[in-house]
Structure formats: structure tokens, C-alpha cells
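Numbering starts at 1 and runs along the sequence shown.
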Amino acid sequence: MNALQPDGEDNQRLESNVHPPTWTNPTPTGPYHLVVIGAGTAGLVTAAGAAGLGAKVALIERDLMGGDCLNVGCVPSKGVISAARVARGVRRSADHGVKTTGDIDVDFTGVMQRMRRLRADISENDSASRFSKLGVDVFFGSARFVDSQTIEVADQTLKFKRAVIATGARAAVPSIPGLDDVNYLTNESVFSLTELPKRFGVIGAGPIGCELAQAFAQLGSEVYLIDSAQGILSKEDPDAADIVRQSLIRDGVHLLCCGRELKVRQSPQIHVSVEASGTSYDHSVDQLLVAVGRTPNVEGLNLESVGVAYDQHGVQVDDHLQTTNAKIFAAGDVCSKFKFTHAADFAARMVIQNALFAVGPLGKKKFSDLIIPWSTYTTPEIAHVGISEQQADEDGVKIDTYQQSMSEVDRAILDGETDGFVKIHTRKGTDRILGATIVARHAGDLISQITLAMQQKIGLGAIANVIHPYPTQAEAIRKLGDQYNRTRLTATSKSVLAALRRFNVGS
């Protein structure tokens with residue numbers, strides 16, 4: 001339980017909520033309508049929702065309730081990023097005419113203590129006692145299937161009518177020469193640090209790697225970020241990724257691009273050797289973070305005994321999140337390519353209906369019907385929803401693209417946050433929104449306006465008629481509505497408008 005280190009009042013509060021040391025598992029009485037394995041976001045939402053609908057529910061967790069998001073993911077990372085952004089703002093305060101004297105003093109211990117305190121506060125929402133009060137039987141221990149109606153946990157046998165696998169995923173460990181002999185960090189251990197590493201190495205330039213590389217640089221570490229041949233944030237819009245790349249460099253991150261021949265060793269410090277852009281580098285670092293993706297947690301469940309198929313990508317499910325065993329469903333990171341807390345949340349809602357109410361007027365819900373946005377919390381943030389230009393090209397979908405630079409948005413200019421844009425893709429010749437990318441300080445908040453429009457089938461042209469407060473950065477989205485509407489002006493309509501203008505001026 002890396003999240004419980006170091007020992008202290010806040011982590012003790014966390015433990016008392018999400019894995020109480022004195023907890024006694026309940027005694028099962030009769031079969032459960034639903035047994036949920038894993039108490040991360042997907043498991044918690046499934047259990048609470050099903051119990052709220054009157055189902056008899058058991059929830060099993062082998063580690064900490066709240067899963068990665070609460071303990072070693074979204075919550076602690078955003079707590080650290082928040083502090084890092086404050087430090088960045090102080091260093092750049094002179095740009096706003098606010099001068100500070102001398103170097104700023106970042107109390108890294110204080111930063112981490114604040115994060116742990118807030119994490120412990122939030123953990124009450126995911127606590128064993130809360131879910132017990134909701135009517136859920138909470139069991140701690142490792143679960144394994146015995147057959148298609150039985151699960152064992154902590155020497156007890158639970159009978160079920162339906163089961164849900166929501167065991168999540170863990171940090172992937174790549175095959176790098178020397179890595180097995182190095183005391184490296186992952187997202188599961190980095191938030192247990194108590195001292196700021198003077199030199200910080202990061203392997204992997206996906207969302208986790210970029211977020212933490214930038215945050216530690218803003219807090220004062222000398223950071224070396226090693227990316228792959230695809231560059232940083234390879235799944236994002238290339239223009240968006242390039243803006244973040246430039247921001248990382250400005251914040252002092254050393255980018256070792258297209259890293260090849262990567263090797264690590266410890267003697268006694270950690271050394272990272274890599275060839276990047278035709279140059280060989282060998283840097284010693286105080287801490288090394290490995291952030292190269294996620295591996296689904298499928299081990300130990302005895303899935304073979306119940307005919308649940310899985311592979312290196314996780315449990316195999318159909319569009320209704322049903323596994324190859326009709327009585328067993330899966331949700332969250334263990335089965336989805338969308339490894340986000342909000343995706344797990346809505347997958348869980350779907351599982352409740354499909355597992356308990358699939359027969360009848362409600363019917364079955366399809367995962368493919370969900371419109372799932374995501375955000376990477378660098379500075380600036382990148383947020384995306386729907387189709388990208390590359391996907392449209394690969395799928396043969398004809399699109400029109402509208403782009404608004406934040407350098408032409410008044411509020412962004414006044415905030416000094418002009419590095420960014422809003423880019424919206426519509427089906428060619430129409431205003432139907434198929435996808436969007438936003439690069440801005442609060443892109444993760446702004447993207448929801450576009451997601452709502454897509455969900456409710458509101459066209460880009462209609463967004464132009466929505467009054468936005470002035471000045472706000474969200475005006476960039478309205479401006480794109482204006483852009484679209486201007487394209488609808490035909491030669492005839494332009495002539496009519498010109499005649500009306502002449503008439504009004506003449507009158």
C-alpha cells in the first residue's frame with residue numbers, strides 16, 4: 001500500500017476510511033444480486049448505484065477503496081500540480097507587473113502534506129463505512145472465481161447471480177536494460193516522496209509523464225523527460241502537443257527526444273543513458289519515474305475457470321460490457337481503452353442497467369454510444385472529445401475544421417495565456433460537431449461545452465447564438481460558431497446584405 005507512506009496523521013485517516021485496520025468482513029447470507037470485484041471508481045459507482053436500486057450487493061477490495069484515482073492517481077497528482085502552478089505563477093509574476101524579491105522557497109514537504117491532507121478529506125466519500133451505510137456488504141481480501149455463481153474472498157464464499165470485474169490497472173513496467181536493478185518510482189509510489197529530488201528523470205511522455213515532469217520542474221527539480229519516436233503526447237493533436245512541448249521546455253524540462261538505446265543503472269546514483277537526436281546522453285538522477293502506460297489487473301481472479309476471456313489489453317467485453325460469460329460483466333480500466341475516472345463512472349452506470357435490468361423496456365445500453373472527453377493537466381491543458389483529423393482521415397470521414405487561436409481572445413490576452421487554441425471538426429458541409437481539441441489553461445473545463453453540444457446534437461452554428469459573458473476564454477468557442485455561420489453566406493445573401501446596408505445608410 002504505497003499510498004499509505006509515509007506514516008502520519010493524514011495517511012492514517014486515509015487508511016481508516018479506505019481500508020480500516022479493524023474492519024471485520026460481514027457474513028454472507030444467501031446469494032447476492034451483484035458481487036463487484038474492485039473498489040475503484042467503476043466498482044464504487046456500480047455498488048452504490050445497484051444498492052440504491054434495492055439490489056443485494058457485495059463489494060470486494062484487496063487494497064484501498066477509491067482505487068488509483070483517489071490514492072495514487074487523479075487526486076494526488078492534481079494536488080501536486082495545483083501547488084506547482086502556484087510556484088510557476090510566482091516566478092512569472094513580473095510579467096504582470098508584480099515583482100518579488102529573491103528566489104521563491106518551495107516547501108516540498110508542505111506541498112506533499114497539503115496533498116495528503118486533502119486526499120484524506122476526499123477519501124470519506126469512498127470509505128468502507130459510507131458504503132456499508134448505503135447497504136453494501138464490503139469485503140477486504142483477494143477475490144477469485146470458483147465457478148459461475150461463486151466467488152471466494154478471505155476464506156468466505158459469496159454466491160452471486162451477476163458479477164462485475166472492476167479491478168482496474170496498474171503501472172506498466174517496460175523492458176529496459178538495467179531497470180530491474182534500479183529503485184524506480186511509478187505513479188503508485190511517487191506521491192510518497194517527502195523530499196524534492198534535485199534531479200528527476202521521467203521515462204514516458206504520455207499524460208502522466210508530461211504532467212509530473214512539468215510539475216516537478218515548476219517545483220524546482222531539474223527534470224529529464226525521455227519520450228519515444230512518436231514524440232510527447234503522441235495520441236493528441238500534433239499542434240496541441242507541440243504547444244505543450246514548448247511549454248515544458250520553457251519550464252526547464254530537458255526533453256530527450258526519440259530516445260533510443262535506453263539503459264539505466266544504479267552506482268550508487270541512478271544513471272540514465274540514452275541516444276536522442278543523434279547525441280548520446282548519460283545523466284545521473286536522484287529519482288526515476290517510469291510512466292509508460294497501464295497493465296490490467298487480471299491475475300489471481302481464476303478467470304479461466306469461468307470462461308472469461310482476456311489478453312494483454314484486459315478483460316474482453318462486448319458493447320454492453322458483458323464478458324464471454326453471460327453472468328459476468330466488466331467496467332473501468334480492466335477492460336476499456338479509455339482509462340479515465342469519468343469513463344469508468346459512466347461505464348459503471350451502464351453495467352448496472354445491463355446486468356440487472358437488461359430484460360424489459362429499458363433494454364441494453366451500448367458503450368459505443370458514450371461521448372467521452374479527456375484532459376491532460378499540463379500547463380496549458382489539452383482537452384479532446386470525439387474524432388481527430390487523423391482519425392477522420394483514416395476512417396474516410398470528410399470534415400470541415402474551424403480553429404480559433406487564444407491569442408485573439410481578449411480574456412486570454414489579459415490573462416497572459418495566449419498559447420493555445422480551440423479546434424472544432426464538423427461533418428463536411430454541415431455544422432454537426434464530430435470532435436474538438438482545446439489547448440488552454442482550463443481546457444478540461446471548456447471541453448464540456450462542446451461535449452454537451454455533441455451529446456444533445458447542438459450544431460456549431462447554434463453555439464454562435466449562445467451569449468457568453470465577456471471577457472471569458474470560452475468566447476473562443478462562440479467565435480467558432482460565428483466562423484461557421486459566415487461560411488453559410490452565399491453570393492446572393494451577401495448581395496442582399498450589402499443592399500440593406502446601402503439602404504440603411506441612405507435613409
Asker: Would you check if the side chain of T472 reaches a backbone N or O of P469 as a donor-acceptor pair within less than 3.5 Å?
Answerer: yes
Asker: Regarding E236 and H384, is there a side-chain donor-to-acceptor distance under 3.5 Å anywhere?
Answerer: no
Asker: State plainly whether the residues K423 and D237 are in salt-bridge range, i.e. N to O under 4.0 Å.
Answerer: yes
Asker: State, to 0.1 Å, how close A3 and L64 come at their nearest heavy-atom pair, and which atoms those are.
Answerer: CB-CD1, 3.8 Å
Asker: Test E381 against R85 for salt bridge (Lys or Arg N to Asp or Glu O under 4.0 Å), laying out the working first.
Answerer: CA-CA 12 Å; E381 296 175 356; R85 286 180 174 179; 3.1 Å; yes
Asker: Would you please test H254 and E222 for side chain to side chain donor-acceptor pair (under 3.5 Å) and show each step?
Answerer: CA-CA 8 Å; H254 303 287; E222 185 171 8; 3.3 Å; yes
Asker: Is a donor from one side chain sitting under 3.5 angstrom from an acceptor on the other, for S407 and S405?
Answerer: yes
Asker: Flag the pair R130 and D126 as a salt bridge only when some basic side-chain nitrogen lies within less than 4.0 angstrom of an acidic carboxylate oxygen.
Answerer: no
Asker: What distance do D227 atom CG and L233 atom CG have between them, rounded to the nearest 0.5 Å?
Answerer: 9.5 Å
Asker: State whether the side chain of S127 and the backbone N or O of V18 hold a donor-acceptor pair below 3.5 Å, judged by distance alone.
Answerer: no
Asker: Closest approach of F191 and M115, non-hydrogen atoms and distance?
Answerer: O-CE, 3.6 Å
Asker: Would a distance-only check, ignoring hydrogens and angles, find a side-chain to backbone donor-acceptor pair under 3.5 Å from E61 to A39?
Answerer: yes
Asker: Has the side chain of R91 got a donor or acceptor atom that lies under 3.5 Å from a matching backbone atom of Q218?
Answerer: yes
Asker: Between D482 and R478, does any side-chain N to carboxylate O distance fall below 4.0 Å?
Answerer: yes
Asker: Using 4.0 Å as the upper bound for N to carboxylate O, is an ion pair formed by K78 and E211?
Answerer: yes
Asker: Tell me whether S247 contacts the main-chain N or O of I243 through its side chain, where contact means a donor paired with an acceptor under 3.5 Å.
Answerer: no
Asker: Among E417, H468, R441, find the residue that satisfies the side chain to side chain donor-acceptor pair (under 3.5 Å) test when tested with Q473.
Answerer: E417
Asker: In terms of side-chain geometry, is the basic nitrogen of K198 or D286 positioned less than 4.0 Å from the acidic oxygen of its partner?
Answerer: no
Asker: Please report the C-alpha distance between D7 and Q12 in whole Å, then the side-chain angles of each, then the deciding distance to 0.1 Å, and finally whether the side-chain contact (heavy atoms from CB on, under 4.5 Å) criterion is met.
Answerer: CA-CA 7 Å; D7 188 28; Q12 289 171 6; 3.2 Å; yes
Asker: Say whether, by atom type as modelled, one donor and one acceptor occur between the side chain of S221 and the main chain of P197 under 3.5 angstrom.
Answerer: yes
Asker: Mind listing the closest non-hydrogen atom pair of V290 and A172 along with its distance?
Answerer: CG1-O, 4.2 Å
Asker: If we ignore hydrogens and angles and just use 3.5 Å, is the side chain of S336 paired with the main-chain N or O of G332 as donor and acceptor?
Answerer: no
Asker: Does T430 reach the main-chain N or O of R432 with its side chain, forming a donor-acceptor pair under 3.5 Å?
Answerer: yes
Asker: Flag the pair Y224 / V285 as yes when at least one side-chain heavy-atom distance between them is below 4.5 Å, and no otherwise.
Answerer: yes
Asker: Looking at every heavy atom in both L219 and A84, which two are closest together, and how far apart are they?
Answerer: CD2-CA, 3.7 Å
Asker: I need the minimum non-hydrogen distance between A436 and I447, along with the two atoms involved.
Answerer: O-CD1, 4.2 Å
Asker: Nearest 0.5 Å, please: how far is CD1 in I226 from NE2 in H283?
Answerer: 8.0 Å
Asker: Look up atom CG in L460 and atom CD in Q483, then write down how far apart they are to the nearest 0.5 Å.
Answerer: 8.5 Å
Asker: Once you round to the nearest 0.5 Å, how far does OG1 of T46 lie from CE of M350?
Answerer: 11.5 Å
Asker: Taking NZ, NE, NH1 and NH2 as the nitrogens, is one of them in R92 or D251 under 4.0 Å from a carboxylate oxygen of the other?
Answerer: yes
Asker: Are D242 and Q246 close enough that a side-chain donor and a side-chain acceptor fall under 3.5 Å?
Answerer: yes
Asker: If you count every heavy atom of other residues, nucleotides or ligands that lies below 6.0 Å from Q266 atom CD, does the total exceed 12?
Answerer: yes
Asker: In plain terms, say whether K263 and D282 are close enough for a salt bridge, that is, a side-chain N and a carboxylate O under 4.0 Å apart.
Answerer: no
Asker: Give a yes or no on whether the backbone of G89 and the side-chain of H96 come within a donor-acceptor separation of less than 3.5 Å.
Answerer: no
Asker: Please work out whether the ring planes of F338 and F340 are parallel, tilted or perpendicular, with thresholds of 30° and 60°.
Answerer: tilted
Asker: Does T109 form a side chain to side chain donor-acceptor pair (under 3.5 Å) with E195? I'd like the steps, not just the answer.
Answerer: CA-CA 6 Å; T109 299; E195 295 182 4; over 6 Å; no
Asker: Classify the angle between the aromatic ring planes of F108 and F216 as parallel (below 30°), tilted (30 to 60°) or perpendicular (above 60°).
Answerer: tilted
Asker: Can you tell if the side chain of F421 reaches within under 4.5 Å of the side chain of Q404, non-hydrogen atoms only?
Answerer: no
Asker: Evaluate the criterion side chain to side chain donor-acceptor pair (under 3.5 Å) for residue pair H425 and T401; output intermediate values, then yes/no.
Answerer: CA-CA 5 Å; H425 311 298; T401 298; 2.9 Å; yes
Asker: I'd like to know if K339 pairs up with D333 as an ion pair, taking the criterion as any Lys NZ or Arg NE/NH1/NH2 lying under 4.0 Å from an Asp or Glu carboxylate oxygen.
Answerer: no
Asker: Considering all heavy atoms of both residues, which atom of V138 and which atom of W23 are nearest to each other, and what is their separation?
Answerer: O-NE1, 3.1 Å
Asker: Does D121 pair with R13 as a salt bridge, N-O distance under 4.0 Å?
Answerer: yes
Asker: Would you check if I433 and I458 make a side-chain contact, meaning some heavy-atom pair closer than 4.5 Å?
Answerer: no
Asker: Distance check, rounded to the nearest 0.5 Å: R245 atom CZ versus T378 atom OG1?
Answerer: 13.5 Å
Asker: Are side-chain N/O atoms of S123 and N17 paired as donor and acceptor at under 3.5 Å?
Answerer: yes
Asker: How about T379 and R88: does a side-chain donor come under 3.5 Å of a side-chain acceptor?
Answerer: no
Asker: Is it the case that over 12 heavy atoms from other parts of the model lie below 6.0 angstrom from the CZ atom of R199?
Answerer: yes
Asker: What do the steps show when you test N11 against Q5 for side chain to side chain donor-acceptor pair (under 3.5 Å), and what is the final call?
Answerer: CA-CA 7 Å; N11 279 345; Q5 298 298 322; over 6 Å; no
Asker: A quick test of your reading: do over 12 heavy atoms of other residues, nucleotides or ligands sit less than 6.0 Å from CD of E394?
Answerer: yes
Asker: Between atom CG of D345 and atom CD1 of I372, what is the distance when rounded to the nearest 0.5 Å?
Answerer: 11.0 Å
Asker: Donor-acceptor check, side chain of S82 to backbone of G79, threshold 3.5 angstrom: yes or no?
Answerer: no
